[in-house]
Amino acid sequence: MKTAAETAWIVGRARELGFALCGVARLEKFPEHEAFAEWLARGYAGEMAYLADVRRQEPSQMLPGVRSAIVCALNYNTSHPYSSESAAGNDGAHGWVSRYAWGRDYHEVMWERLNALVEALKENFPGEHGARAYSDTGPIAERIFAKHAGLGWLGKNTLLLNQELGSWFFLGVVLTTLELAPSVEAAETPPADLCGNCRQCLDACPTEALVEPYVLDARKCISYLTIELRGNIPEELRVAMGRHVFGCDICQEVCPYNRSAPITEVREFEPRSWGTEESLLKPRLEWLAEMTEEEFREKFRGSAMKRTKWRGLARNACIALGNANLEKGSVEHRRIVSLLRRLEGSQEPAISESARWALARIE
């Protein structure tokens, strides 16, 4: 086994690459993997069949001879307002995009740094060994390894929480065949759960997706509904979605540990904009709803928003327009009604049905 000093070198190199946190865990099956299997059995994953990949619960199958997981966290918090603050304003024809998707695709940003760390491992530990980097791109339960690498605890909103950093960070994992000294020794325990009696995340979730502390029913989660779900969004959840068009940050916004979370130095996570009118910070819903598939591919090249696909974004924009605070009879209202009527005739069933629902709400 490598020494604790060598693990400290890895942590130091990760910080030089811009990661806010880094730790090492043994590559083994932890109790949380069993809990994940139970979560799947309840059907809470919805249509995300990829989560049932057996390698997610049997991490040793990911890389022949794998022994260690190096877990890194990259801060993406910016100084811009929260969605709850935006909702209080009189901007009914604007939507909300989860802040993690405002800027450059986080997968690419993480891969650059993670692969640089892999190269550093090769240089510092010469000889035959394997390493593979993942950032939300493979059957890896990043949060579980992050907890056991000492980066934080799993909060009641199911996200990894860190006392200083909050939860505004991406997680990436480098699996390696090197037998590294773990950051949390066998005689120690991972960071304590500091959620206490707080239940602000559960109470704030508009769709009641957090069915109990530490348990998320993804089928009700706005992030799942706007990104992963491919068909029609259940009608009983649409009003509660408000004007979210891609993801949701509410359970993080209300978390006390995020009140003083530091701001990232990574400029690539600032909101993408096009000229002076269009931006992913409170984007115009009309702009999103009337965007063509070709425009979608062009605008969101290199963006995490590709995940929802064009038809998903148009569907989401229609529902957000149905929830918008529009003055009836105004120029804006008439323009949006006309747009929704055009979309009602779309050949895409989810867009057509969502436009019809929105019309019934605002006419």
Margin query: For His244, give me all partners under side chain to side chain donor-acceptor pair (under 3.5 Å), at least two apart in sequence or on another chain.
Written below: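 Side chain to side chain donor-acceptor pair (under 3.5 Å) check on His244 returns nothing, list empty.
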Does any part of the side chain of [Y], heavy atoms only, come nearer than 4.5 Å to the side chain of [X], both counted from C-beta?
X: Ser135; Y: Leu114; answer: yes
X: Leu121; Y: Ile10; answer: yes
X: Arg67; Y: Leu180; answer: no
X: Cys72; Y: Cys22; answer: yes
X: Trp96; Y: Phe246; answer: no
X: Tyr224; Y: Glu47; answer: yes
X: Ile140; Y: Leu175; answer: yes
X: Leu216; Y: Tyr44; answer: no

Which heavy atom in [X] sits nearest to a heavy atom in [Y], and how many Å separate them?
X: Ala69; Y: Val173; answer: CB-CG1, 4.1 Å
X: Val174; Y: Val118; answer: CG1-CG2, 3.9 Å
X: Met48; Y: Ala218; answer: CE-CB, 3.6 Å
X: Leu280; Y: Ala101; answer: CD1-O, 3.7 Å
X: Val71; Y: Ala149; answer: CG2-CB, 4.1 Å
X: Thr177; Y: Val66; answer: CG2-N, 3.9 Å

Please determine if [X] and [Y] form a salt bridge, counting it only when a charged side-chain N lies under 4.0 Å from a carboxylate O.
X: Glu16; Y: Arg13; result: yes
X: Arg335; Y: Glu286; result: yes
X: Arg259; Y: Glu164; result: no
X: Glu34; Y: Lys29; result: yes
X: Lys2; Y: Glu179; result: no
X: Arg113; Y: Glu119; result: no
X: Glu128; Y: Lys122; result: no

For residues [X] and [Y], is any side-chain donor paired with an opposing acceptor at under 3.5 Å?
X: Asp193; Y: Tyr214; answer: yes
X: Ser273; Y: Glu278; answer: no
X: Arg361; Y: Asn323; answer: yes
X: Glu58; Y: His33; answer: no
X: Ser98; Y: Asp249; answer: yes
X: His148; Y: Glu28; answer: no
X: Ser167; Y: Asn258; answer: yes

Note to self: Show, in sequence, the C-alpha distance, side-chain angles and deciding distance for Met62 and Tyr134, and conclude whether the side-chain contact (heavy atoms from CB on, under 4.5 Å) test is met.
What the structure shows: CA-CA 11 Å; Met62 290 301 298; Tyr134 295 90; 3.1 Å; yes
Next item on the list: Using the side-chain contact (heavy atoms from CB on, under 4.5 Å) rule, take Ile250 and Tyr82 through it: C-alpha gap first, then chi angles, then the decisive distance, then the call.
Entry: CA-CA 8 Å; Ile250 292 174; Tyr82 284 171; over 6 Å; no
Margin query: Does atom CD (Glu208) have a neighbourhood of more than 12 heavy atoms from anything else shown, all under 6.0 Å?
Written below: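 No, the 6.0 Å shell around CD holds no more than 12 heavy atoms from other groups.
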Check: If you draw a 6.0 Å radius around CD in Gln347, do more than 12 non-hydrogen atoms from other residues or ligands fall strictly inside?
Finding: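 Counting other residues, nucleotides and ligands, CD of Gln347 stays at 12 neighbours or fewer.
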Next item on the list: Apply the test ring pair (Phe, Tyr, Trp, His ring centres under 6.0 Å) to residues Trp153 and Tyr257: give CA-CA distance (whole Å), side-chain angles for both, the deciding distance (0.1 Å), then the verdict.
Entry: CA-CA 12 Å; Trp153 72 95; Tyr257 290 101; 5.1 Å; yes
Item checked: Selection residues 300-321 - residue pairs positive for salt bridge (Lys or Arg N to Asp or Glu O under 4.0 Å), sequence neighbours left out ->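 Applying salt bridge (Lys or Arg N to Asp or Glu O under 4.0 Å) to every pair that reaches into residues 300-321, excluding sequence neighbours, yields Asp105-Lys306, Glu228-Arg307, Arg311-Glu348.
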Item checked: Distance under 6.0 Å and angle within 45° of ring axis: Arg238 vs Trp357 ->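 Yes, a cation-pi geometry.
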Next item on the list: Identify whether NZ of Lys or CZ of Arg in Arg272 sits under 6.0 Å from the centre of the six-membered ring of Trp102 and within 45° of that ring's axis.
Entry: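 No, a cation-pi geometry is absent between Arg272 and Trp102.
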Spell out, as yes or no, whether a donor-acceptor pair under 3.5 Å connects the side chain of [X] to the backbone of [Y].
X: Glu123; Y: Ala120; answer: no
X: Tyr50; Y: Pro139; answer: no
X: Thr7; Y: Ala181; answer: yes
X: Thr176; Y: Ala131; answer: no
X: Glu268; Y: Val109; answer: no

Check: Phe170 and Phe269: ring pair (Phe, Tyr, Trp, His ring centres under 6.0 Å), yes or no, with the steps?
Finding: CA-CA 11 Å; Phe170 300 118; Phe269 296 144; 5.3 Å; yes
Notebook entry, point to check: Should Leu340 and Leu321 be marked as a side-chain contact (heavy atoms from CB on, under 4.5 Å) after you check the CA-CA gap, both sets of side-chain angles, and the distance that decides it?
Noted result: CA-CA 9 Å; Leu340 290 171; Leu321 283 169; 4.1 Å; yes
Check: Between Trp168 and Tyr106, is the ring centre distance below 6.0 Å?
Finding: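 No.
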Mind checking the [atom1]-[atom2] spacing from [X] to [Y]? Nearest 0.5 Å is all I need.
X: Leu74; Y: Glu112; atom1: CG; atom2: CD; value: 11.0 Å
X: Arg230; Y: Thr308; atom1: CZ; atom2: OG1; value: 6.0 Å
X: Leu210; Y: Leu202; atom1: CG; atom2: CG; value: 5.0 Å

Next item on the list: For the pair Lys147 and Glu32, evaluate salt bridge (charged side-chain N to carboxylate O under 4.0 Å, His left out) and give the outcome as yes or no after the intermediate values.
Entry: CA-CA 10 Å; Lys147 171 185 173 179; Glu32 291 83 2; 2.5 Å; yes
Notebook entry, point to check: Taking Glu363 as the fixed residue, which of Arg356, Arg334, Arg341 is the one that meets the salt bridge (charged side-chain N to carboxylate O under 4.0 Å, His left out) rule?
Noted result: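 Exactly one option meets the salt bridge (charged side-chain N to carboxylate O under 4.0 Å, His left out) with Glu363, and it is Arg341.
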Check: Should the pair Phe300 and Phe296 be assigned to parallel (<30°), tilted (30 to 60°) or perpendicular (>60°) ring geometry?
Finding: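 Tilted.
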Checklist line | Residue pair Glu298, Glu294: steps toward the side-chain contact (heavy atoms from CB on, under 4.5 Å) verdict | finding: CA-CA 6 Å; Glu298 178 188 347; Glu294 183 179 357; 5.6 Å; no
